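The block underneath contains the structure these notes are about, expressed in structure tokens.
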Amino acid sequence: MVDLLHHYSKQLGDTPPVQSLVDKAQASTRRAGGAAVVKRARQLRPEEIEALINHYREHGSVTTAAKAVGITRQTAGRYLSDAGIVTVRRMSDADIARAREAHEAGTSVHSIARIIGFSPHTVAKALK
């Protein structure tokens with residue numbers, strides 16, 4: 001309360017009555033310390049979860065599936081993970097060996113990435 005009084009005492013013009021400042025502070029949706037109240041992610045209905053899973057299987061992208069259902073990528077990943085779907089793909093040793101052979105033969109990183117189905121950044125990191 002002292003912070004509110006201090007803040008408003010520096011304002012020019014009319015200062016609101018002390019009781020109105022106290023009422024505003026008590027009605028505030030913010031917690032003490034200034035942190036906003038955290039909202040929980042929207043819960044999907046079973047048919048929306050099924051649509052999310054189908055969209056992911058069709059397109060292979062968590063981000064695209066999340067946008068189609070109207071949720072964040074992180075929430076979509078959690079729903080897919082809860083459904084037993086592994087969404088993280090890592091380069092196997094065989095993929096890395098194949099990329100190295102192609103790179104030594106003179107193939108560009110972008111071409112290798114297109115061939116084996118990973119991003120050019122992932123391929124470049126594997127070749128280092």
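Please read all numbers here as calculations on a predicted model, not as lab measurements.
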Go through the structure and list residues passing salt bridge (charged side-chain N to carboxylate O under 4.0 Å, His left out) with Glu48, not counting sequence neighbours.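 Residues passing salt bridge (charged side-chain N to carboxylate O under 4.0 Å, His left out) with Glu48: Arg42, Arg45.
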
What distance do [X] atom [atom1] and [Y] atom [atom2] have between them, rounded to the nearest 0.5 Å?
| X | Y | atom1 | atom2 | value |
| --- | --- | --- | --- | --- |
| Ile116 | Ser111 | CD1 | OG | 11.5 Å |
| Arg78 | Thr72 | CZ | OG1 | 8.5 Å |
| Leu80 | Ile49 | CG | CD1 | 10.0 Å |
| Thr107 | Arg98 | OG1 | CZ | 11.0 Å |
| Ile53 | Glu58 | CD1 | CD | 14.0 Å |

Nearest heavy-atom pair of [X] and [Y]: which atoms, and what distance?
| X | Y | result |
| --- | --- | --- |
| Thr63 | Arg73 | OG1-CD, 3.4 Å |
| Gly77 | Val62 | N-CG1, 3.9 Å |
| Leu52 | Ala66 | CD1-N, 4.0 Å |
| Ala65 | Tyr56 | CB-N, 3.8 Å |

Do the side chains of Arg90 and Phe118 get nearer than 4.5 Å, heavy atoms only?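 Not in contact.
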
Using side-chain heavy atoms (C-beta onward) and a distance below 4.5 Å, is Val69 in contact with His55?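 Side chain of Val69 against side chain of His55, heavy atoms only: no contact under 4.5 Å found.
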
Does His59, at its NE2 atom, have more than 12 non-hydrogen atoms belonging to other residues, nucleotides or ligands within less than 6.0 Å?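 Yes.
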
More than 12 heavy atoms of other groups within 6.0 Å of Asp82 CG: yes

Apart from Val88 itself, members of its ILVMFWY cluster (side-chain separation under 4.5 Å) are none

Would you mind writing out the side-chain donor-acceptor pairs for residues 120-128 within the sub-3.5 Å range, not counting sequence neighbours?
unit_1: Thr122; atom_1: OG1; unit_2: Ser119; atom_2: OG; d: 2.9

Would you say Tyr79's side chain and Leu44's backbone share a donor-acceptor pair under 3.5 angstrom?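 A pair under 3.5 Å: yes.
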
